[in-house]
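Atoms within each ligand, like the ligands themselves, are counted from 1 in listed order.
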Amino acid sequence: MSQDAILSRLADVIESRRGADPERSYVARLFHKGTDAILKKVGEEATETVMAAKDGDAEKILYEVADLWFHSMVALAHFGLRPEQVLSELARREGLSGLQEFAARQSNPPGGTAA
Ligand SMILES: N=c1c2ncn([C@@H]3O[C@H](COP(=O)(O)OP(=O)(O)OP(=O)(O)O)[C@@H](O)[C@H]3O)c2ncn1[C@@H]1O[C@H](COP(=O)(O)O)[C@@H](O)[C@H]1O
């Protein structure tokens, strides 16, 4: 199966678990537990990614980043957001120097007021 649309397909599956039986679905269980549990998993997987990277273990890094992306997608769904919106944001940044983007953020921070 093509990998091109994996994020969209996975987001659809995650969305379909809303209201599903927490005994039969890991995603439904996370939704059922709520915001703090979902965000705790994102934090844990981020930490496990850092630990794998410190070990320099390529296979483990890929495994942990997959866990991190997956739990980040559950968090996105929890807040009514889609991975396509993240991809659009990355596309918007494409070709824009990270330094230019940083300067733009200072004068127009996302969801905040300028410093
Ligand atoms: N991609 C994933 C995926 N990646 C990781 N995980 C689960 O995320 C959990 C990771 O937790 P940890 O690594 O911390 O291990 P753990 O000790 O078992 O978890 P905790 O007890 O610490 O919470 C494990 O239970 C993994 O099985 C995932 N669970 C589901 N998916 C996808 O989501 C779909 C829907 O899943 P269900 O809702 O379970 O049907 C699946 O078909 C998959 O495509």
Side-chain angles (χ1 to χ4, degrees):
M1 194 182 276
S2 160
Q3 292 190 343
D4 293 357
I6 178 68
L7 295 181
S8 295
R9 286 200 306 273
L10 181 54
D12 290 344
V13 171
I14 289 169
E15 197 54 50
S16 77
R17 296 305 196 256
R18 210 181 279 284
D21 183 356
E23 294 299 319
R24 298 170 60 100
S25 155
Y26 176 76
V27 175
R29 189 173 300 176
L30 274 181
F31 279 144
H32 187 74
K33 286 182 178 171
T35 307
D36 285 359
I38 293 169
L39 299 183
K40 183 163 174 267
K41 287 307 292 182
V42 174
E44 281 175 16
E45 302 305 347
T47 301
E48 284 168 20
T49 297
V50 170
M51 285 160 61
K54 290 289 277 183
D55 288 345
D57 182 335
E59 203 174 322
K60 217 166 141 192
I61 293 169
L62 292 174
Y63 188 90
E64 297 300 347
V65 169
D67 271 357
L68 177 58
W69 284 22
F70 165 71
H71 286 90
S72 297
M73 287 185 59
V74 175
L76 283 175
H78 183 66
F79 289 102
L81 298 166
R82 294 278 310 184
E84 294 86 351
Q85 292 172 271
V86 179
L87 296 178
S88 293
E89 174 60 17
L90 289 173
R92 184 189 68 76
R93 297 177 191 179
E94 197 172 16
L96 183 66
S97 152
L99 297 178
Q100 283 176 331
E101 146 82 338
F102 181 76
R105 275 185 204 190
Q106 299 308 102
S107 56
N108 187 21
T113 52

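- Taking Phe79 as the reference, Thr35, Leu39, Leu81 meet the side-chain contact (heavy atoms from CB on, under 4.5 Å) condition, with sequence neighbours excluded.
- Remark: the backbone N or O of Asp57 is not paired with any side-chain donor or acceptor of Asp55 at under 3.5 angstrom.
- The number of heavy-atom neighbours closer than 6.0 Å to CZ of Arg92, taken from other residues, nucleotides and ligands shown, is above 12.
- Between His78 and Phe31, the ring-plane angle classifies as parallel under the 30° and 60° cut-offs.
- Side-chain N or O atoms of Arg17 include none that pairs as donor or acceptor with a backbone N or O of Pro22 at under 3.5 Å.
- Within 4.0 Å of ligand 1, protein heavy atoms come from Leu10, Val13, Arg17, Ser25, Tyr26, Val27, Lys41, Glu45, Asp67, Phe70, His71.
- Looking at Gln106, its side chain never comes within 3.5 Å of a backbone N or O of Ala103 through a donor-acceptor pair.
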